[in-house]
Amino acid sequence: MSLWIPVTIAAATFQTVRFMLQKSLSSVKLSAAGATFARFAYSAPLAILGLIVALQITDLSVPPLSAKFWLFVAIGGTAQILATVCVVALFKQRNFAVGITFKKTEVIQTAIVGFLILGDSISFGAFAAILLGLLAVLLLSKTPGGDGAWWHHLTNRASQLGLGSGVLFAFSAVSYRGASLQLGDIDAWFRALVTLAAVVTFQFISMWLWLLWRDRAELRAVWETRRTGVFVGLTSLGGSFCWFLAFTLQNAAYVKALGQVELIFSLMASTLVFHENITRREIAGIALLGLSILVLVLAI
């Protein structure tokens with residue numbers, strides 16, 4: 001089995017737990033921005049510490065960090081911040097499993113972004129997968145109990161947040177792979193660790209400055225929820241490292257496609273942990289999106 005496969009599954013597991021913790025934080029005390037900042041506030045020190053330890057116990061050294069590397073870091077880091085804010089805000093609109101499913105349109109959008117930025121061609125099978133994914137989004141776009149034609153619900157807040165997060169996560173995935181590949185021919189795990197440390201440091205500083213300017217009370221709230229926030233940081237660090245390592249080892253489209261296993265994990269969390277009800281239409285939408293992902297995997 002290729003290493004990127006178990007690494008990606010581990011990343012999806014970490015990410016599901018982190019979103020569960022962030023959902024709890026956002027529903028109790030923190031805003032969407034605060035719950036997002038908690039992730040970086042508690043993971044950045046751990047990532048930097050991990051890099052320092054790696055440098056001390058190995059003969060490796062940090063390679064030159066080019067301007068292109070930092071450009072990828074800035075684009076990917078900013079896109080991920082905005083995407084995470086969208087997802088946390090989405091949890092207030094829809095239940096946990098459907099929120100993650102909206103976010104998971106990123107796998108299809110990653111293929112599109114890869115085509116637009118990297119010139120990767122899209123086969124007929126991949127195009128069919130995109131159409132299946134679109135149908136799934138149409139099923140999920142109508143708010144339960146809503147009235148009117150389906151296309152009227154494509155402009156609701158839940159749809160906008162979910163689809164927007166998917167686009168942003170797609171850009172972050174492509175950018176992180178681009179940043180990692182700028183580090184040259186060194187061990188994949190070390191490239192992932194250096195990139196991770198650079199990204200979360202950028203995200204921590206930029207979000208801290210933003211909240212310091214716009215909402216200092218939220219900074220205090222993040223500190224007051226530190227008991228849960230520490231676990232957000234730990235799961236974020238584990239998940240991010242696995243994602244970065246997978247992006248270093250394999251094309252982002254493959255990684256994101258396999259990462260759809262998170263749908264199963266999120267459905268289990270929604271029903272078993274949060275005791276939320278999922279409608280038949282929502283189950284059908286999740287199943288159809290899963291089918292589109294399978295077709296995409298086979299077509300790539």
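Worth knowing before you read on, the calculation uses all heavy atoms, side chains too, and leaves out hydrogens, waters and symmetry mates. Starting from 1, each residue takes its place in the sequence as its number.
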Indicate the ring-plane relationship of Trp210 and Trp213, choosing parallel, tilted or perpendicular according to the 30° and 60° boundaries.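 Ring orientation of Trp210 relative to Trp213: perpendicular.
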Heavy-atom distance under 4.5 Å between the side chains of [X] and [Y], does that happen here?
{"X": "Leu196", "Y": "Leu245", "value": "no"}
{"X": "Phe190", "Y": "Leu51", "value": "yes"}
{"X": "Leu60", "Y": "Ile186", "value": "no"}
{"X": "Gln15", "Y": "Trp243", "value": "yes"}

Are [Y] and [X] co-members of a hydrophobic cluster defined by side-chain heavy atoms under 4.5 Å apart?
{"X": "Leu163", "Y": "Leu82", "value": "no"}
{"X": "Ile205", "Y": "Val199", "value": "yes"}
{"X": "Ile5", "Y": "Phe14", "value": "no"}
{"X": "Leu55", "Y": "Phe69", "value": "yes"}
{"X": "Ile75", "Y": "Phe40", "value": "no"}

Measure the [atom1]-[atom2] distance between [X] and [Y] for me, rounded to the nearest 0.5 Å.
{"X": "Arg177", "Y": "Ser172", "atom1": "CZ", "atom2": "OG", "value": "14.0 Å"}
{"X": "Ile9", "Y": "Trp4", "atom1": "CD1", "atom2": "CH2", "value": "9.0 Å"}
{"X": "Leu193", "Y": "Phe241", "atom1": "CG", "atom2": "CZ", "value": "6.0 Å"}
{"X": "Thr8", "Y": "Leu249", "atom1": "OG1", "atom2": "CG", "value": "8.5 Å"}
{"X": "Ser206", "Y": "Ile81", "atom1": "OG", "atom2": "CD1", "value": "3.5 Å"}
{"X": "Phe244", "Y": "Trp189", "atom1": "CZ", "atom2": "CH2", "value": "15.5 Å"}

Give me the atom names and distance for the closest heavy-atom approach of [X] to [Y].
{"X": "Ser180", "Y": "Arg191", "value": "O-CD, 3.3 Å"}
{"X": "Leu183", "Y": "Leu65", "value": "CD2-CD2, 3.6 Å"}
{"X": "Tyr42", "Y": "Trp223", "value": "OH-CA, 3.8 Å"}
{"X": "Phe204", "Y": "Ala44", "value": "CB-CB, 4.0 Å"}
{"X": "Val200", "Y": "Ser43", "value": "CG1-OG, 4.3 Å"}
{"X": "Cys242", "Y": "Ala10", "value": "SG-CB, 4.0 Å"}

Look at atom CZ of Phe202 and say whether more than 12 heavy atoms of other residues, nucleotides or ligands are closer to it than 6.0 Å. yes
Ring centers of Tyr176, Phe72 separated by less than 6.0 Å: no
Donor-acceptor pair, distance only, cut-off 3.5 Å: does the side chain of Gln109 make one with the backbone of Ala170?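 Not confirmed, Gln109 side chain does not pair with Ala170 backbone.
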Main chain of Gly77, side chain of Gln203: is a donor-acceptor contact present, judged purely on distance under 3.5 Å? yes
Steps toward side-chain contact (heavy atoms from CB on, under 4.5 Å) verdict (Leu219, Phe37): CA-CA 9 Å; Leu219 290 175; Phe37 177 66; 3.6 Å; yes
